[in-house]
Amino acid sequence: MVRILGKDSLMSLPVNTNSTALFLSRLFARLNEEKITYCVLRNYEDLPEKVGNDVDTWVDKRHWLKFFTIVKELASTLDYTLDYTPRLSVKGEGDYFLLKEINGQIEVIHLDCWAYFHWKGVCFIDETVIPENLRWHEKGFYVPAKGIEASINLLKDLIYHRMVKDKYKDLIKTYAQQDPEVFKKSLLRPFGFKITQFILENAKSGNWEALESNTNKLRTILFIRCLLNSLSQTGKWYYYIKAQIRRFFINPRGVFIVFIGPDGSGKSTTTRRLLESEFAKKLFQKKHYFHGHFPYLPELKRIAEICRIKKKEAPSNDIPENQIKPFSLIRSVVYPVYYGFNYFLGHLFIWKEKARAGLIVFDRYFFDYFIQKQFENCPRWLLHVISKIIPKPDILIYLKNDPEVIHSRKPELSVGEIERQLEMCDEVTTYSKNSFIIRTSISPEEVVKKIQQIIIDRIKEKQKVRI
């Protein structure tokens with residue numbers, strides 16, 4: 001690989017350079033100066049000024065720790081909060097999330113750094129051929145040779161998701177035709193000659209159906225051939241299992257958020273704005289929204305219909321207050337017990353999605369049984385017992401405002417009933433850990449910004465353990 005260093009290796013940035021471009025330009029300059037073997041894998045055409053969801057990079061395994069140190073130093077220098085989660089290696093490979101408040105907005109830069117291209121610890125690209133097959137990009141960083149870029153874009157989604165992404169199909173086909181020898185080199189060790197030839201020919205002709213229908217066969221070949229290198233593969237599986245233990249049992253980086261407050265306090269609006277924000281899209285791999293409870297058990301009213309039981313449905317909040325009456329003791333117990341078991345079943349989902357860096361949001365949760373008038377007759381000790389065994393939110397947000405303001409937004413409930421519900425929300429927050437009260441007298445944008453800052457503060461609490 002030919003290295004281009006010195007002044008010409010640094011990017012010429014315009015005067016109005018944005019903060020993302022500044023960080024990335026300094027990062028690439030440092031990597032070049034320190035002679036780190038790296039490359040930006042794809043979607044690099046608009047870098048450093050514009051970034052999509054993330055910056056996919058590869059770093060030679062010899063330089064993992066140095067890369068990690070450089071990113072950490074730059075984050076400190078440019079006042080970013082760094083949230084790092086290893087994927088396979090001890091330090092270096094993994095996800096870097098850099099967060100910073102700029103002009104009232106939370107900026108997120110996501111660096112997705114690879115040292116090995118692997119599926120469950122089994123490599124599907126021979127990373128040893130990359131260092132000698134890098135190209136210098138005019139913007140001041142390295143990119144892979146066309147054959148390597150094509151093979152990575154093809155195999156990464158094919159092996160993981162059994163599909164080839166539409167947006168990469170034309171590029172894969174073109175680059176496989178232009179650089180077939182390097183394409184083959186990157187796949188020979190993990191797949192062998194025959195399967196590599198099969199992959200190359202179908203990539204060159206754009207026969208994606210043939211590749212996708214043979215995903216299981218490709219995975220099987222990968223597994224069998226990795227056993228031929230049992231010593232090195234044992235090491236990769238060791239680190240893979242270690243990383244999975246860290247993800248699922250020690251330090252999951254997802255966040256579980258619950259909103260409480262009377263109707264009209266802004267729960268639905270705030271939830272929607274948070275989930276649609278660029279902050280959430282870049283910081284979390286997946287986003288999940290629930291209204292009320294998990295969809296595991298059927299609604300009680302459906303069971304009643306099936307059993308042909310005639311009874312009144314639970315009153316909703318759009319019924320005038322003078323028509324809302326507390327349920328009988330039996331009914332007020334049946335609802336929280338039944339749906340409490342439904343929440344209990346959600347433990348596995350919450351655990352799994354937090355490990356996958358997901359954002360899980362409820363704009364109603366079990367706490368409604370403490371708040372809603374219908375359940376006044378339910379013994380409080382029972383609600384507290386159930387609260388102990390259901391998933392507990394990492395962040396509980398109480399959206400609070402004056403009763404008159406909430407009534408003006410949703411007049412279905414009287415000011416008196418809203419005051420009662422606000423008192424119950426205050427009580428819930430006193431015994432709930434990680435609870436926060438946000439006044440919604442400010443703009444919806446400011447409310448979301450405060451929630452984003454709460455999320456960042458929680459990440460800061462964990463980052464000492466991760467880093």
Side-chain angles (χ1 to χ4, degrees), residues 41 53-54 56-61 63-65 67-68 71-72 82-97 110-127 152 155-163 190 215-216 218-256 282-288 294 345-360 391-394 455 458-459 461-467:
L41 295 170
N53 286 333
D54 57 14
D56 288 308
T57 58
W58 171 84
V59 178
D60 190 286
K61 62 183 180 181
H63 300 149
W64 289 342
L65 185 57
F67 180 86
F68 172 83
V71 175
K72 187 176 178 181
L82 173 60
D83 176 25
Y84 165 70
T85 305
R87 183 185 296 109
L88 181 62
S89 61
V90 178
K91 287 289 185 186
E93 187 189 32
D95 290 295
Y96 297 77
F97 292 91
H110 178 194
L111 303 178
D112 190 359
C113 180
W114 296 76
Y116 294 114
F117 298 95
H118 64 91
W119 172 72
K120 300 186 184 302
V122 179
C123 292
F124 53 83
I125 298 289
D126 182 1
E127 78 284 347
I152 292 172
L155 271 298
K156 190 168 181 286
D157 292 306
L158 186 63
I159 296 298
Y160 269 90
H161 307 298
R162 301 172 182 270
M163 59 170 286
T215 301
N216 285 339
L218 297 179
R219 289 176 173 178
T220 302
I221 294 295
L222 273 178
F223 181 77
I224 293 173
R225 288 186 61 84
C226 81
L227 296 179
L228 300 177
N229 300 300
S230 56
L231 185 61
S232 62
Q233 185 57 47
T234 300
K236 292 186 179 70
W237 273 331
Y238 165 77
Y239 285 121
Y240 174 75
I241 293 171
K242 185 177 179 180
Q244 297 308 302
I245 292 173
R246 186 188 299 111
R247 283 179 63 198
F248 284 92
F249 298 101
I250 299 176
N251 222 351
R253 63 167 307 275
V255 176
F256 173 28
K282 290 186 177 182
L283 187 58
F284 298 101
Q285 304 294 329
K286 293 184 179 181
K287 297 175 289 297
H288 305 275
F294 293 102
L345 295 178
H347 269 293
L348 180 60
F349 176 84
I350 296 292
W351 173 68
K352 180 180 68 175
E353 293 307 316
K354 285 177 65 176
R356 294 177 174 178
L359 173 64
I360 307 105
K392 296 174 179 58
D394 299 303
I455 294 172
R458 179 160 183 82
I459 289 173
E461 291 174 8
K462 289 185 173 184
Q463 78 179 51
K464 289 183 179 179
V465 178
R466 292 198 187 113
I467 299 178

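The basis for the numbers below is simple: all heavy atoms, side chains too, and nothing from hydrogens, waters or symmetry mates.
With a 6.0 Å radius and a threshold of 12 heavy atoms from other residues, nucleotides or ligands, Lys61 has its NZ atom at or below the threshold.
For Tyr116 and Tyr240, the distance between ring centers is not under 6.0 angstrom.
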Next on the checklist: Run the side-chain contact (heavy atoms from CB on, under 4.5 Å) test on Glu93 and Val59 for me, step by step, so that the C-alpha distance in whole Å, both residues' side-chain angles and the decisive distance to 0.1 Å come before the verdict.
Outcome noted: CA-CA 8 Å; Glu93 187 189 32; Val59 178; over 6 Å; no
Checklist entry - Step by step, would you call Phe284 with Ile455 a side-chain contact (heavy atoms from CB on, under 4.5 Å)? => result CA-CA 11 Å; Phe284 298 101; Ile455 294 172; 4.0 Å; yes
Item to check | Test side-chain contact (heavy atoms from CB on, under 4.5 Å) applied to Trp114 and Leu41, step by step | outcome: CA-CA 9 Å; Trp114 296 76; Leu41 295 170; 4.2 Å; yes
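Two residues are said to be in side-chain contact when any heavy atoms from C-beta on lie closer than 4.5 Å; Ile125 and Pro190 fail this criterion. A heavy-atom distance below 4.5 Å is not found between the side chains of Val122 and Arg225. Looking only at side-chain heavy atoms (C-beta outward), Tyr84 and Lys72 stay at 4.5 Å or farther from each other. Looking at Arg162 and Arg219, their side chains come closer than 4.5 Å, going by heavy atoms from C-beta outward. With a 4.5 Å cut-off on side-chain heavy atoms, Ile152 and Glu127 do not count as touching. The closest side-chain heavy-atom distance from Trp237 to Cys226 is below 4.5 Å.
Exactly one of Asp95, Asn53, Asp56 qualifies for a side-chain hydrogen bond (donor to acceptor under 3.5 Å, both in side chains) with His110. That residue is Asp95.
Applying the side chain to side chain contact (heavy atoms under 4.5 Å, CB included) rule to Leu348 yields the partners Trp351; only residues at least two apart in sequence or on another chain are considered.
A distance-only check finds a donor-acceptor pair linking the side chain of Tyr160 to the backbone of His118 [under 3.5 Å].
In this structure, the separation between CG on Leu218 and CD1 on Ile159 is 5.0 Å, given to the nearest 0.5 Å. Here the CG atom belonging to Leu227 is positioned 11.0 Å from the CG atom belonging to Leu222, to the nearest 0.5 angstrom.
Heavy-atom minimum distance, Ala115 versus Trp58: O-NE1, 3.1 Å.
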